[in-house]
Undergrad: 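One structure, pasted below without further comment.
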2 protein chains.
Amino acid sequence: MQRVEDAAEPLEPVGRREQNKIDTRRAIAEAALTLARTKGAGSFTVDQIAARAGVSRRTFFNYFHSAEEALNVSTESFLELAISSFSRRPAGEPLLDAMIAALAATAKVQDLAVHGELFRMAAGSPELLRAQLHAWERAEARIIEAVTHHLQGGASPLYVSALVGSVLSCAKAAMHDWAADDPDRHGDAGAALEERMVLALSMLRDGFAHPA
Amino acid sequence: MQRVEDAAEPLEPVGRREQNKIDTRRAIAEAALTLARTKGAGSFTVDQIAARAGVSRRTFFNYFHSAEEALNVSTESFLELAISSFSRRPAGEPLLDAMIAALAATAKVQDLAVHGELFRMAAGSPELLRAQLHAWERAEARIIEAVTHHLQGGASPLYVSALVGSVLSCAKAAMHDWAADDPDRHGDAGAALEERMVLALSMLRDGFAHPA
DNA sequence: ATATTTCTTGCACAGTGTGCAAAATTTGGC
DNA sequence: GCCAAATTTTGCACACTGTGCAAGAAATAT
């Protein structure tokens with residue numbers, strides 16, 4: 001495992017302990033992704049990931065519960081970013097508009113190619129798919145919490161969870177659709193995904209009345 | 001494993017082979033459910049399930065890929081029923097109405113108590129949760145297929161998958177909400193769930209405009 | 001009754017996930 | 001700089017998972 005030593009960053013008081021953990025996590029995630037690309041999802045072992053990351057098998061399990069979880073750091077960071085983007089929307093803004101804006105903004109920023117890859121990989125690997133679904137589920141719970149807090153008890157739990165679930169389903173649908181004809185990336189990936197996100201969420205906003 | 005021999009059913013030409021497999025599957029699923037109830041989800045082994053079902057460990061794996069999958073036969077049969085109910089809706093009917101009707105009808109028929117249990121169990125067992133999410137995902141794919149076929153290419157893939165995903169999210173939200181204050185069942189469970197299904201899907205139909 | 005197909009079982013084997021205690025590393029006080 | 005405390009890594013043991021394979025058992029066809 002190689003530690004990145006360049007460009008000292010005294011801005012944050014991050015001790016070597018913390019930094020080492022971050023590096024280790026990254027190294028493991030990268031190793032997993034590389035193996036998934038070369039050998040195919042689900043066709044490699046934890047030992048191989050650990051070896052490639054320069055870490056013991058046991059240490060791997062200190063960071064992740066399974067090989068698939070290590071592949072999902074990208075997905076999780078995407079959702080993480082979307083959540084924080086949403087929580088920074090103006091307070092008075094209509095819910096759906098805030099969510100559309102947050103997701104669209106996140107789609108622009110992120111390193112998207114990896115997400116397309118992961119979506120496609122998941123199609124052929126049940127374990128990976130389950131892990132991804134789980135990641136989305138955890139994000140959903142957090143968003144529900146955020147929205148509930150944002151609405152200050154002004155809506156029923158059913159309303160909130162149905163809404164958030166629907167929004168995320170649309171986002172997922174957009175990513176699937178985008179990932180599907182992705183293989184040969186042409187033009188701006190961020191724009192293409194953002195467009196689909198907005199499109200799907202607009203459909204949601206008018207109750208799927210028009211089979212566009 | 002006990003085979004049910006009573007009430008001969010000469011109506012369907014179901015050979016003993018087929019019948020045995022059905023019985024075995026049932027026996028395993030029941031054994032798993034019983035163990036989940038007594039020892040808690042995720043706190044028992046495949047060997048225990050197999051033993052209780054009167055089957056070898058190896059045979060268990062001929063029927064299910066994991067202990068959690070054995071717990072999900074209820075969930076799968078629920079979704080199975082919903083799908084077949086949907087596919088029997090009149091052809092001209094608006095999509096959302098057809099889906100609302102199908103899900104509501106299914107909510108009435110099914111043995112609901114078990115689903116509430118499973119939803120609550122999943123909250124404390126990541127493996128079970130993943131398996132449930134996976135079951136819903138598979139159902140979603142099948143429904144997307146059915147709807148696509150039903151629409152005869154009259155809608156974009158994005159539209160269909162966003163719609164179906166949203167509908168299922170609402171159904172899931174309804175079941176969660178229903179399962180949450182379920183512990184002491186009061187009155188008609190089917191009616192209570194159906195009401196929430198219709199409510200959530202109505203919200204969806206008008207684009208979540210009113211935070212009811 | 002017997003040949004054939006299908007299902008069950010035991011066994012082997014590679015891999016998973018976790019508790020535990022002994023190194024190894026980082027941190028903080030002196 | 002040096003030592004003690006806190007934290008992280010690692011090896012090891014162990015129970016359990018999931019699957020291929022071949023032999024045995026049961027159902028079906030002839």
Side-chain angles (χ1 to χ4, degrees), chain A residues 1-3 5 8 10 12-29 31-32 35-36 39-72 125-131 134, chain B residues 1-5 8 10 12-28 31-32 35-36 39-72 125-131 134:
Chain A
M1 178 182 59
Q2 52 200 14
R3 310 232 179 256
E5 301 285 7
E12 286 195 12
V14 52
R16 175 158 280 96
R17 248 186 195 138
E18 209 163 344
Q19 187 57 48
N20 283 348
K21 282 175 79 171
I22 293 174
D23 290 343
T24 301
R25 199 179 179 78
R26 270 177 74 90
I28 294 176
L35 282 168
K39 322 193 86 171
S43 302
F44 54 93
T45 71
V46 168
D47 294 76
Q48 291 173 308
I49 303 177
R52 181 174 280 265
V55 172
S56 78
R57 166 190 154 75
R58 190 60 182 82
T59 295
F60 172 91
F61 282 114
N62 284 342
Y63 284 85
F64 300 98
H65 293 301
S66 69
E68 287 72 27
E69 196 178 304
L71 281 177
N72 268 330
S125 169
E127 273 309 320
L128 179 54
L129 177 55
R130 277 196 278 272
H134 198 176
Chain B
M1 183 182 55
Q2 52 198 12
R3 311 232 177 254
V4 182
E5 302 285 6
E12 283 194 15
V14 52
R16 177 159 283 96
R17 233 166 212 156
E18 208 163 345
Q19 187 58 48
N20 282 348
K21 282 175 78 172
I22 293 174
D23 290 344
T24 301
R25 198 179 180 79
R26 270 177 75 90
I28 293 175
L35 282 168
K39 322 194 85 170
S43 303
F44 54 94
T45 71
V46 168
D47 294 75
Q48 291 173 308
I49 302 177
R52 181 174 281 266
V55 170
S56 78
R57 165 191 156 75
R58 190 60 182 83
T59 295
F60 172 91
F61 283 113
N62 285 343
Y63 284 85
F64 300 99
H65 293 301
S66 69
E68 287 71 27
E69 198 177 304
L71 281 177
N72 267 330
S125 168
E127 273 309 321
L128 179 54
L129 177 55
R130 277 196 278 273
H134 198 176

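Chain naming here is simple, since letters A, B, ... match the order of the sequence lines and numbering starts at 1 in each.
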Undergrad: In whole angstrom, what separates A:Ile49's CD1 from C:dT16's P?
TA: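 So the two atoms are 8 Å apart, to the nearest Å.
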Undergrad: So if I take every side-chain heavy atom of A:Tyr63 and compare against C:dG17, D:dT8, C:dT9, which nucleotide ends up nearest?
TA: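 Of the options given, the side chain of A:Tyr63 lies nearest D:dT8.
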Undergrad: Looking at A:Asn20, does any N or O in its side chain come under 4.0 Å of the phosphate oxygens OP1/OP2 on D:dT8?
TA: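 So the side-chain polar atoms of A:Asn20 never come under 4.0 Å of the phosphate oxygens OP1 or OP2 of D:dT8.
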Undergrad: Closer than 4.0 Å, any side-chain N/O of B:Thr59 to the OP1 or OP2 of C:dT9?
TA: yes
Undergrad: Where the side chain of A:Asn62 is defined as all heavy atoms beyond and including C-beta, which of D:dT8, D:dT19, D:dT10 is the nearest nucleotide?
TA: D:dT10
Undergrad: How about A:Ser56 and A:Thr59: do any of their side-chain heavy atoms sit closer than 4.5 Å?
TA: yes
Undergrad: When rounded to the nearest 0.5 angstrom, what is the spacing between CD1 in B:Ile49 and CD1 in B:Ile28?
TA: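 These two atoms lie 8.5 Å from each other.
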Undergrad: Find the distance A:Arg17:CZ to C:dT27:C1' and express it as a whole number of Å.
TA: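 For the pair A:Arg17 CZ and C:dT27 C1', the rounded distance is 6 Å.
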Undergrad: Taking the side chain of A:Phe61 as its heavy atoms from C-beta onward, which of D:dA26, C:dG17, D:dT17 lies nearest to it?
TA: C:dG17
Undergrad: Please pick, from D:dA27, C:dC11, D:dT10, the nucleotide with the shortest atom-to-atom distance to any side-chain atom of B:Arg58.
TA: C:dC11
Undergrad: At 4.0 Å (heavy atoms only), tell me whether B:Asp47 reaches a base, stays on the sugar-phosphate, or touches nothing.
TA: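 Sugar-phosphate contact only - B:Asp47 comes under 4.0 Å of backbone atoms but never of a base.
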Undergrad: Taking 4.0 angstrom as the limit, do A:Arg130 and A:Glu127 come out as a salt bridge?
TA: yes
Undergrad: Kindly point out which of D:dG18, D:dT19, C:dG10 is positioned nearest to the side chain of B:Ser56?
TA: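 Among D:dG18, D:dT19, C:dG10, the one nearest the side chain of B:Ser56 is C:dG10.
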Undergrad: Between A:Phe64 (CZ) and C:dG15 (P), how many Å, whole number?
TA: 21 Å
Undergrad: Hey, is the main chain of B:Asn20 close enough, under 3.5 Å, to the side chain of B:Thr24 for a donor-acceptor pair?
TA: yes
Undergrad: Quickly work out the B:Gln19 CD to D:dT28 C1' distance and round it to whole Å.
TA: 16 Å
